[in-house]
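Read the numbers this way: they start at 1 and go in the same order the structure lists the ligands and their atoms. What you see is a predicted model; the values in this text were computed from it and never measured. Here, residue 1 is the first one in the sequence, and each next residue gets the next number.
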Amino acid sequence: MLQLFLKPTRDAPIRRGHPWIFSGAIERCEGDDQIVDVADIFDNRKNWLGRGLHNPKSQLRVRLLTWKKETIDRSFFATRLSQALAFRSEQLGASNNAYRLINGEGDFIPGLIVDRYADFSVCQFYTAGMDSFKDEIVAALSEAAPMTGIFERSEGRVREEEGLEASVGVLAGAAPPEALAIEENGQKFLVDIRRGQKTGFFLDQRDSRQLLSTLTRGRSVLNCFAYTGGFSVYAYAGGAREVVTFDSSMPALELAERNLELNGYSDAPGEVIQGDAFAYLKETDSKFDVIVLDPPSLAHRRSDLDAATGGYKFLNLHALKHLNPGGILLSFSCSQHLPRDLFQKVVFGAAVDAGRKVTIIKQLGHPIDHPVSLHHPEGEYLKGMALRVIE
Ligand code: SAH
């Protein structure tokens, strides 16, 4: 096993439970440091600190899995998986059969995402280290949560940074149907786990969708960046008078139409519109009582932050202008690089420029199946606010 020795003082974050070691923190190594492997981490005085997965191709050289001397094998992953599963099934109950089973660092398995959709699960292996344990993880998952099929959606920027190609397809069992039916808080949705965005559905908005249903009785609602219509279904369920479902993706909107139909709202007043939400918000003459703004991440890198804050301000400014007095705005950012306090300042700037007086009625964020490690605050990507326009 590879042994890595950290530079003096660079052991402190690791001792406090942070799971990341960048290349600059490593002083020397014993063993082959050119391969993807399990690595033991030591401080400068050769004190053992923890065990993780090493990737020579990534600047983020090691992601720690444990601070105990335990073997990293199928049974290690089986224990973590069954702990995560037990908590989800206990907390989310019978009215939810879709949830995030493993949330990377938040479940102390950095580099792995597992989403469960009814009888299927979808895995994303983000790091070379986790990728090398794919067989063990699939076996452990099949045992902890027997399913009809396990599908892989390992793709995207993080994998490229790890020197990995995209890998998409069946990992075990049957291939998923084109549209898989799930239930969330009693609402029904179809999910395309093969081709949909991320793993197919934005499970991280479950709690905020539920909140929305308590705010829509008799109101007109604009669901902007609607994807497959999650917030729209809850808006109708809460008694909305009219719902506009807006997104740029045609496949997403086709599924949104089917989701409205599945829940009995295909004839309910409203519209499903395809277009650019930035242009729509600027140009439309319509006014709404409730607006949901859930844009994709506008800052993929820290260096995008300036441009991204401009984008968030634009969206919130125009949304606030289109709200009737007493109106509600649910505004989100899923950019990991935009901290909550900065997001709040951006929305404040938008309110000032829109000439509106606004109160925060609730801070919004991750549901319980998207835990954030206290030792790894970088894992908090989703932040939102429920706002009320006073005048
Ligand atoms: N609120 C959704 C998730 C939104 S994800 C839910 O609860 O499921 C972000 C969405 O923004 C995606 O569906 C994407 O297609 C859409 N999108 C990206 N750029 C857009 C743009 N310029 N205008 C409108 N929609 C856009």
In chain order, what residues pass the ring-ring contact (aromatic ring centres under 6.0 Å, His included) check against F225, with sequence neighbours excluded?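 Once residues adjacent in sequence are excluded, F225 has no partner under the ring-ring contact (aromatic ring centres under 6.0 Å, His included) criterion.
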
With heavy-atom distances below 4.0 Å as the criterion, list the atoms of ligand 1 near [X].
X: A226; result: 2 (C)
X: F231; result: 1 (N), 7 (O)
X: D276; result: 21 (C), 22 (N), 23 (N)
X: P296; result: 9 (C), 11 (O), 18 (C), 19 (N)
X: S249; result: 15 (O)
X: G275; result: 23 (N), 24 (C)

How about Y280 and H318: are their ring centroids closer than 6.0 Å?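 Judged by ring-centre distance (under 6.0 Å), Y280 and H318 do not meet the cut-off.
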
Does the ring center of F201 lie less than 6.0 Å from the ring center of Y117?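 No, they do not, as the ring centres are separated by 6.0 Å or more.
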
Looking at every heavy atom in both A299 and D304, which two are closest together, and how far apart are they?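 Looking at all heavy atoms of both residues, the closest pair is CA-CB, 3.7 Å.
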
Please name the pair of heavy atoms, one in S333 and one in S335, separated by the smallest distance, quoted to 0.1 Å.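 Where S333 meets S335 most closely, the heavy atoms are OG-N, 3.2 Å.
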
Summary of salt bridge (charged side-chain N to carboxylate O under 4.0 Å, His left out) pairs that have at least one residue in residues 278-300, sequence neighbours excluded: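 Output for this query lists R241-D289.
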
Does K134 make a cation-pi contact with F125 (under 6.0 Å, within 45 degrees of the axis)?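 Yes, K134 lies over the aromatic ring of F125.
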
What I want to know is whether D247 and ligand 1 share at least one N or O pair that is separated by under 3.5 angstrom.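 Among all N and O atoms of D247, at least one is under 3.5 Å from an N or O of ligand 1.
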
Starting from [atom], locate the nearest protein heavy atom and write down its residue, its atom name and how far away it is, to 0.1 Å.
atom: atom 4 (C) of ligand 1; answer: F225 O, 3.2 Å
atom: atom 12 (C) of ligand 1; answer: Q197 OE1, 3.3 Å
atom: atom 6 (C) of ligand 1; answer: R209 NH1, 3.5 Å
atom: atom 23 (N) of ligand 1; answer: A277 N, 2.8 Å
atom: atom 1 (N) of ligand 1; answer: D294 OD2, 2.7 Å

Any side-chain donor near an acceptor of the partner, E152 and S167, under 3.5 Å: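 Per modelled atom types, E152 and S167 side chains form a pair under 3.5 Å.
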
Is there a donor in the side chain of Y236 and an acceptor in the side chain of Q187, or the other way round, less than 3.5 Å apart?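 Their side chains do not contain a donor-acceptor pair, so the 3.5 Å distance test is not met.
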
Minimum non-hydrogen distance to atom 20 (C) of ligand 1, winning option of A279, S248, A256: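 The nearest heavy atom belongs to S248.
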
